[in-house]
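Keep in mind that the numbers below use all heavy atoms, side chains included, and drop hydrogens, waters and symmetry copies. Heads up: numbering here begins at 1 and tracks the sequence.
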Amino acid sequence: MDTANHAAFADLSRPLLSPLPPHERERLAGAWRMANQDIADDIRFIRQYLKVIAEKDERLSTGTLVHGRAYVEACATWLPETVARYLRNLRLISECESAMIAAGVRFARSSDAW
């Protein structure tokens with residue numbers, strides 16, 4: 001097993017000393033995990049929308065636009081919404097991590113430890 005993974009799982013095998021009841025720890029950890037997953041989707045969509053917007057005037061060899069005007073406009077509309085959701089998820093991750101640290105709940109500090 002990878003050394004980083006082994007250390008992470010070894011840490012998780014020890015009992016956690018936390019003042020929070022088990023269901024509250026799990027709720028907090030669940031919110032943290034979901035926000036981490038959601039932020040990855042947000043980043044993927046932001047990159048896609050930016051790419052589509054940047055290619056709005058590009059054409060195929062046949063002269064057809066690479067992206068339809070309606071799709072480019074939709075991406076331009078979705079981009080600020082997705083950036084706002086990204087920032088909310090980023091804030092949620094920070095708040096969860098602060099609460100988890102204060103409560104003595106361990107969490108992975110990098111994707112290598114997942």
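Each of Asp42, Asp41, Asp38 was scored for a side chain to side chain contact (heavy atoms under 4.5 Å, CB included) with Tyr86, with one residue passing: Asp42.
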Please lay out, stage by stage, how His67 and Lys56 fare under the test side-chain contact (heavy atoms from CB on, under 4.5 Å).
CA-CA 6 Å; His67 306 289; Lys56 71 180 179 183; over 6 Å; no

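Smallest separation of non-hydrogen atoms from Ile53 and Ala76: CD1-CA, 3.7 Å. Closest heavy-atom contact between Ile46 and Thr82: CG1-CG2, 3.6 Å.
Salt-bridge check for Arg33 with Glu26: passed, with a basic side-chain N closer than 4.0 Å to an acidic carboxylate O. Looking at Glu81 and Arg85, no side-chain N of the basic residue comes within less than 4.0 Å of a carboxylate O on the acidic one, giving no salt bridge. With respect to the salt-bridge test (charged N to carboxylate O, under 4.0 angstrom), the residues Arg69 and Asp57 qualify.
The neighbour count for Arg91 CZ, taken as heavy atoms of other residues, nucleotides or ligands under 6.0 Å away, does not exceed 12. By the neighbour-count criterion of 12 heavy atoms within 6.0 Å, atom CZ of Arg47 is sparsely surrounded, having that number or fewer from other residues, nucleotides or ligands.
The hydrophobic cluster containing Leu60 also includes Val66, under a criterion of side-chain heavy atoms closer than 4.5 Å among ILVMFWY residues, counted directly or through chains of members. Apart from Leu92 itself, the hydrophobic cluster it occupies contains nothing, where clustering links Ile, Leu, Val, Met, Phe, Trp and Tyr at side-chain heavy-atom distances under 4.5 Å.
Note: the hydrophobic cluster containing Met34 does not contain Leu90 (ILVMFWY, side chain heavy atoms under 4.5 Å, direct or indirect links). The cluster map of Ile, Leu, Val, Met, Phe, Trp and Tyr, joined by side-chain heavy atoms under 4.5 Å apart, puts Leu65 and Tyr71 in different clusters.
Lys51 contributes atom NZ, which lies 8.0 Å from atom CD of Glu58 (distance to the nearest 0.5 angstrom). Remark: Gln48 CD to Trp78 CH2 distance equals 10.5 Å, nearest 0.5 Å.
Proximity of Trp32 to Leu28: side-chain heavy atoms (C-beta onward) are nowhere separated by under 4.5 Å.
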